Structure formats: C-alpha cells, structure tokens
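The next block holds one structure in the form of structure tokens; read it before the comments.
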Amino acid sequence: MRSQLLSRSSAHAATAAPRCLTRATRALRLTRVMSAAAQPVSSTVELKPEVAHKLRTAEAVCFDVDSTFCEDESIDELAAFLGVGEQVAALTAKAMGGTVEFKEALRTRLGVMKPTRADVDRFLREHPHRVTKGIPELVSLLRSRGQEVFLVSGGFRQIIHPLAESLGIPLSHVFANSILFDSEGHYAGFDESEFTCRSGGKPAAVRHIKDKYGYSNVVMVGDGATDAEARVEGAASLFIGYGGVVVRKNVAEKADWFIMDIQQMIDVLKSGCCGNCRK
Ligand SMILES: [Mg+2]
C-alpha cells in the first residue's frame, strides 16, 4: 500500500526519518487522521521523500474544489438554498462514498433541484466562495514555480468559474459540470460530454490534461473517493488527500500523503529536499 497509516510511535517515526526530510516535513508526520465517523485512528501518514520530490517537480497540480479548494460543498449548499437540502445531501454522500454511479447521482440531484439560471445567479450573489485557508498562497507559489494549477470538480462551472477567475486560473484549466438552461433560463439538464459527470471522470480529466499539455507528472489533491481514483487508476503520479474540511478514512488509506492543512504543501514546496528537486 502506497500510503502509510503508521501505527508506530511518533518518536520512532522521528528517529527513522530519512536525512533529506526537512524539519517541516518531519513535523508533518504527526498529522493525525480521524475516520469519517470521527473515530480516532491512532495513526499518522508519513511524507516519504519520493512523494515530496514528486510534488516539487510536478508539472501541474489538480485540485478538487468542494471541501478541498473551498470549504463549501457547493451542490449541497445550492440544494439547501433551493429548499431540497436533505434529499440532495444524502445523494451526495452516496456519490462521494463511491457507491452510486456518478452520472446517475448527478442526474437525480439536479432533477430534485431543477435550478434556474436566476437561482444560480442569486446563489452566487448570496453565497460567495469560502476559499480554503492557504489556497491563494499555494496557487501563487505553484505558478511562480512554473507549476500549473487545474481545478477538476464534480461541481458546476457556473459556480467554479468566478472562483477560478478570482485566483487567476484560466477557465481552460477548469474541468467541471455544466448545468444547461433553456432559452427562458429554466433547468434543461447537464452537459453529458464533461469528463466529471461520470464515474471515472477525474482520472479521465487528468489523463486528458497530461496528453494535451505533454505532462508526465501531475498531482491530484482532494478529499473524496473520486479524487483518489485519479491516482489508483494511474493518471496522477501522486494523490494528496486533504482532510481539513472532512476526513474520509477510505480516502486517507489511498493517499500517498494525507494532510489536514494546505500550509503543509506550502512548507514542502518552500523547503529544499535534495539537489534533484530544488527548483
Ligand atoms: Mg471534494
């Protein structure tokens, strides 16, 4: 198993630290992982030197949006805004747990919500994005290093595009779903050609990014089972699980590195590891 849910003590972990790990990365070993049911999992996830190296040398980093890039879970929040929050939250939980075919879950949720164009516009005005702490700095840092930033989300372009624009991310770097409206602005389905409307969509989007731009080393960061798929299926070189909003044990177990704070990525990028990955 790539990820290491370590049962050994932090003292042992510290003594076993490879020489090229920095003080910051050594401290990150102490990240505590809680299960989705909030039961303590007395373990840590070790940042391996090769994982730090891949992060520092990646040509691009792809972020999930809901509960990763932002603290929001936007589909649920749009549903609550439309008065159908409980039904849609239950469907989202099933989709994130990987137990329901994603396209059907999306179709069912949108069928319950039936958002109009005016609904979405009003939602955006009344619910500005809550960008996750550290994300603006991380995006700037990555781009200053020549590492491109992409957003790969099962959420909606109508909600994500303003966020991307606010952080200087080109809309061509956004892969997400599109709600369709008829000429009067009524709900008219969704664009079924988008990568992320279907199960396996995130690895497909990452493969597309690699092919289009000629990348060989792309990192995926996210909180959900669909994000972990991007690594399990071999598209991404690395999967970093993010648990700052919600922790899912099944996701943590699949992660090359599991973090609770975006600052951990910033620290690794700013620190030198070895001569080969100092950029
Ligand atoms: Mg998410």
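Both counts, for ligands and for their atoms, begin at 1 and track the order of listing. This is a predicted model, so every value here is computed, not measured.
- A donor-acceptor contact shorter than 3.5 Å links the side chain of Thr132 to the backbone of Phe69.
- With respect to the Mg ion (ligand 1), Asp66 has O as its nearest N, O or S atom.
- Across all non-hydrogen atoms, the minimal contact from Leu269 to Leu142 is CD1-CD2, 3.6 Å.
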Show the atom names and distances, to 0.1 Å, of all donor-acceptor pairs under 3.5 Å that link a side chain in residues 149-159 to residues at least two apart or in another chain.
| from | atom 1 | to | atom 2 | distance (Å) |
| --- | --- | --- | --- | --- |
| Ser153 | OG | Gly155 | N | 2.7 |
| Arg157 | NE | Ala176 | O | 3.4 |
| Arg157 | NE | Glu194 | OE2 | 2.8 |
| Arg157 | NH1 | His161 | NE2 | 3.2 |
| Arg157 | NH1 | Val174 | O | 3.0 |
| Arg157 | NH2 | Val174 | O | 3.1 |
| Arg157 | NH2 | Glu194 | OE1 | 3.2 |
| Gln158 | OE1 | Ile179 | N | 3.3 |
| Gln158 | NE2 | Ile179 | O | 2.7 |

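- By the salt bridge (charged side-chain N to carboxylate O under 4.0 Å, His left out) test, Lys103 is found to be paired with Glu192, residues two or more places apart in sequence or in another chain being considered.
- Residue contact annotation: Glu73 places no N/O/S atom under 2.8 Å from the Mg ion (ligand 1).
- For residue Asp227, no N/O/S atom approaches the Mg ion (ligand 1) to within less than 2.8 Å.
- Rounding to 10 degrees gives 80° for the angle at the Mg ion (ligand 1) between OD1 of Asp223 and OD2 of Asp64.
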